[in-house]
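Bear in mind that the values here come from a model prediction, so they are computed numbers and not experimental data. Chain A is the first sequence line, chain B the second, and so forth, proteins listed ahead of strands; every chain is numbered from 1.
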Amino acid sequence: MKEYLQLIFNEAAEKLEYLNGLNLVFDIPKTESHGDLSSNAAMLLAKKLKRKPREVAEEIISSLNYDSENIKKVEIAGPGFINFFFTPSFIAKIAKEILTEENYFGHSKKYAGKKANVEFVSANPTGPLTVGHGRNAVFGDTIANLLESVGYSVDREYYFNNAGRQMRVLGDSVRLRYLELLGIKVDFPEDYYQGEYIKEIAKSLLDEFGDKLLNESAEGKFKEKAETEIFKDIKKSLEKLKIIHKIFFNENSLYEEGKIRGTIESFKEKKLIYEKDGATWLKLIELGNEQDKVIVKSSGEPTYRLPDIAYHIVKFNRGYDLMIDIFGSDHNATYPDVLAGLKALGYDSDKVKVLIHQFVTIMDGGEVVKMSTRKANYITLDQLVDEVGADVVRYFFNMRNITTHMNFDLSLAKKQSDENPVFYLQYAHARICSILKMIEKENLKASTENLDLLSTNEEQQLLKKLHQFKEEILISAELFETHRICTYLEELAALFHKFYTFCRILGSERKLAEARVALALATKIVIKNGLSILGVNAPERM
RNA sequence: GCGCCCAUAGCUCAAUUGGAUAGAGCAACAGCCUUCUAAGCUGUAGGUUAGUGGUUCGAUUCCACUUGGGCGUACCA
């Protein structure tokens with residue numbers, strides 16, 4: 001529908017000079033009596049032209065040359081809106097398009113040929129993924145899906161660090177548990193990793209090596225074993241959610257390949273660093289930020305900023321057009337420094353999009369569960385997936401804007417999971433599958449020959465919603481918002497259920513029945529394509 | 001103190017990025033199954049969009065301040 005309006009406006013622009021260069025937007029009015037699509041162009045132009053908006057609207061309408069087969073009415077309303085009413089037969093044509101394009105419908109090629117990188121999860125291998133990581137993981141993977149659906153070729157990447165203090169403590173935690181198993185009394189520090197999984201790793205080392213590791217250092221076999229075991233679990237948890245990273249990038253490789261040193265050199269050349277108190281500082285104030293920060297500690301170890309910058313340079317050099325970083329809100333202070341550093345070194349930091357999601361508050365029976373990996377006081381992502389299922393988890397994390405601090409009530413999720421909207425969508429899909437089986441027996445088929453028979457209110461509203469799918473995906477991808485897809489699909493499913501209730505197939509005249517089957521099939525395709533972007537299954541029966 | 005994010009129906013959240021009468025789900029109440037899945041549909045009720053100003057034809061959306069919450073504010077990541 002919008003494409004058609006765009007077309008006739010472009011034609012009109014040849015007559016009306018002032019239409020050129022105008023950012024044309026067609027909105028779907030909330031009230032049905034305001035038409036199918038609405039333009040505020042006249043109101044925007046009125047100011048520029050210093051004329052009355054309704055007068056400008058009048059002039060625009062008289063220059064529009066449209067086919068009455070497609071548009072049945074154009075009117076001016078309110079302060080100067082131009083409202084367009086499409087003919088039912090034009091609206092119904094979408095069903096044919098959907099049936100033709102099938103699985104591809106909704107996808108587009110707007111960003112074909114572009115390369116994107118989505119870096120997400122990126123939890124260091126110090127323990128199992130928690131529910132908190134779940135939001136990051138699901139969101140990141142869905143953003144990657146969305147980008148792919150508008151043409152990007154996407155690499156999913158996981159950045160991790162297996163060196164540093166955190167990992168030393170991890171290794172030593174395992175070592176102490178190992179000694180305990182050998183009957184040696186140890187003093188297990190409170191700030192060490194308390195989780196059961198540490199004991200399990202220690203146990204497997206005991207099984208494998210017996211007491212041969214008595215004098216092994218924390219950073220030897222202990223850390224090594226902990227890392228491989230924990231990573232194995234992390235990958236398994238992600239796979240349950242259909243999340244597979246293509247690249248696992250080890251921060252350590254930046255040191256080994258001299259990227260850290262190289263980055264420092266680059267800053268030095270630009271005279272952007274100085275020495276103070278034995279440390280190396282980056283002149284961030286000069287780059288427009290709040291204060292200068294240390295990039296190499298007096299101990300000689302870099303702070304996280306330096307490897308982060310070096311890492312992004314590596315990504316830039318791979319030639320991505322778009323690089324997305326997905327972080328929790330605890331990182332909100334870190335990225336401006338990194339972006340400023342990149343920009344100073346001549347990289348186009350606009351290509352890096354940092355998406356910050358707010359924290360998930362876990363509730364259990366009305367009480368807040370405080371989570372800490374260190375204290376082993378957490379609910380793992382695995383437990384959650386096992387309890388409510390991957391579909392619910394994926395849908396739940398996708399259905400909300402990442403800017404919201406979301407509450408996840410575990411007892412509610414377990415007990416009343418059938419109230420989750422994901423079932424509402426899946427049910428609509430299953431219902432359609434059931435119709436398709438039924439019509440075979442009745443010797444009916446989906447036909448797009450007589451779509452103009454789809455003229456009831458329920459049919460028309462459903463068809464109009466189908467028109468929006470493609471644009472909804474494009475907007476979601478461009479704004480990096482997955483929850484829009486959920487909202488859209490819920491609206492679509494609601495309209496389908498209404499159609500199902502009021503527009504029977506059996507008992508209708510054959511041509512109408514077959515047009516309705518085509519509409520049901522088109523709806524099924526869109527639901528399935530939408531769920532597929534979200535990474536949620538579309539079951540044939542429930 | 002300063003920075004970022006947030007505040008919308010009893011609860012969880014939307015609102016086409018500045019559009020016309022702010023919408024869904026859950027919970028509550030009243031209805032609808034001898035015909036394609038009742039995990040559904042129809043209806044009722046529920047709001048000073050945290051507050052106060054401002055910008056303009058028009059503000060939940062933009063700006064300022066206030067209040068309340070989250071996360072930061074390291075030579076931790």
A.B. asks: Less than 4.0 Å between a side-chain N and a carboxylate O, is that true for A:Lys315 and A:Glu119?
C.D. replies: yes
A.B. asks: B:rU16, B:rC41, B:rA20: which one has an atom nearest the side-chain heavy atoms of A:His34?
C.D. replies: B:rA20
A.B. asks: Among residues 457-482 of chain A, which contact RNA chain B at a heavy-atom distance under 4.0 Å?
C.D. replies: A:Leu479, A:Glu481
A.B. asks: Would you say the base of B:rA20 stacks on A:Phe81 (centre-to-centre below 5.5 Å, plane angle below 30°)?
C.D. replies: yes
A.B. asks: Evaluate the ring planes of A:His245 and A:Phe120, with Trp represented by its six-membered ring, and classify them as parallel (under 30°), tilted (30 to 60°) or perpendicular (over 60°).
C.D. replies: tilted
A.B. asks: Are any of A:His483's side-chain N or O atoms less than 4.0 Å away from OP1 or OP2 of B:rA15?
C.D. replies: yes
A.B. asks: Among B:rU35, B:rC13, B:rU37, find the nucleotide with the atom closest to the side chain of A:Arg504.
C.D. replies: B:rU35
A.B. asks: Look at all strands and tell whether A:Phe502 reaches a base, only sugar-phosphate, or nothing, counting heavy atoms closer than 4.0 Å.
C.D. replies: sugar-phosphate
A.B. asks: Is it the case that more than 12 heavy atoms not belonging to A:Lys283 sit under 6.0 Å from its NZ atom?
C.D. replies: yes
A.B. asks: Main chain of A:Phe249, side chain of A:Ser253: is a donor-acceptor contact present, judged purely on distance under 3.5 Å?
C.D. replies: no
A.B. asks: Name the closest nucleotide to the A:Asn332 side chain, picking from B:rU35, B:rU21, B:rG72.
C.D. replies: B:rG72
A.B. asks: Is the closest basic N to carboxylate O distance between A:Glu514 and A:Arg510 below 4.0 Å?
C.D. replies: yes
A.B. asks: Does NZ or CZ of A:Lys73 lie under 6.0 Å from the centre of the six-membered ring of A:Phe85, at an angle within 45° of the ring axis?
C.D. replies: yes
A.B. asks: Quick check for you: among B:rG19, B:rC5, B:rC36, whose closest atom lies nearest to any side-chain atom of A:His405?
C.D. replies: B:rC5
A.B. asks: Please tabulate the protein-to-nucleotide N/O contacts below 3.5 Å involving nucleotides 28-33 of chain B, giving atom names and distances.
C.D. replies:
none

A.B. asks: Provide the distance between the two P atoms, one in B:rA20 and one in B:rC13, to the nearest whole Å.
C.D. replies: 24 Å
A.B. asks: Measure the distance from CE on A:Met406 to P on B:rC11 and round it to the nearest whole Å.
C.D. replies: 17 Å
A.B. asks: Extract from the structure each pairing of a protein N or O with an N or O of nucleotides 75-77 of chain B at less than 3.5 Å, listing the distance.
C.D. replies:
from   : atom 1 : to       : atom 2 : distance (Å)
B:rC75 : O2     : A:Ser298 : N      : 2.8
B:rC75 : O2     : A:Ser298 : OG     : 2.7
B:rC75 : N3     : A:Ser298 : OG     : 3.4
B:rC75 : N4     : A:Asp277 : O      : 2.9
B:rC76 : OP2    : A:Lys297 : NZ     : 2.6
B:rA77 : OP2    : A:Tyr304 : N      : 3.1

A.B. asks: So, does A:Asp36 use its side chain to make a donor-acceptor pair with the main chain of A:Phe86 at under 3.5 Å?
C.D. replies: yes
A.B. asks: Could you work out which one of B:rC5, B:rU16, B:rA39 sits closest to the side chain of A:Ile28?
C.D. replies: B:rU16
A.B. asks: Which label fits B:rC4, syn or anti, where anti is any glycosidic angle not within 90° of 0?
C.D. replies: anti
A.B. asks: Output yes when at least one side-chain N/O atom of A:Lys498 is less than 4.0 Å from OP1 or OP2 of B:rU42, else no.
C.D. replies: yes
A.B. asks: For B:rU49, give its Watson-Crick or G-U wobble partner with both distances under 3.5 Å, or none.
C.D. replies: none
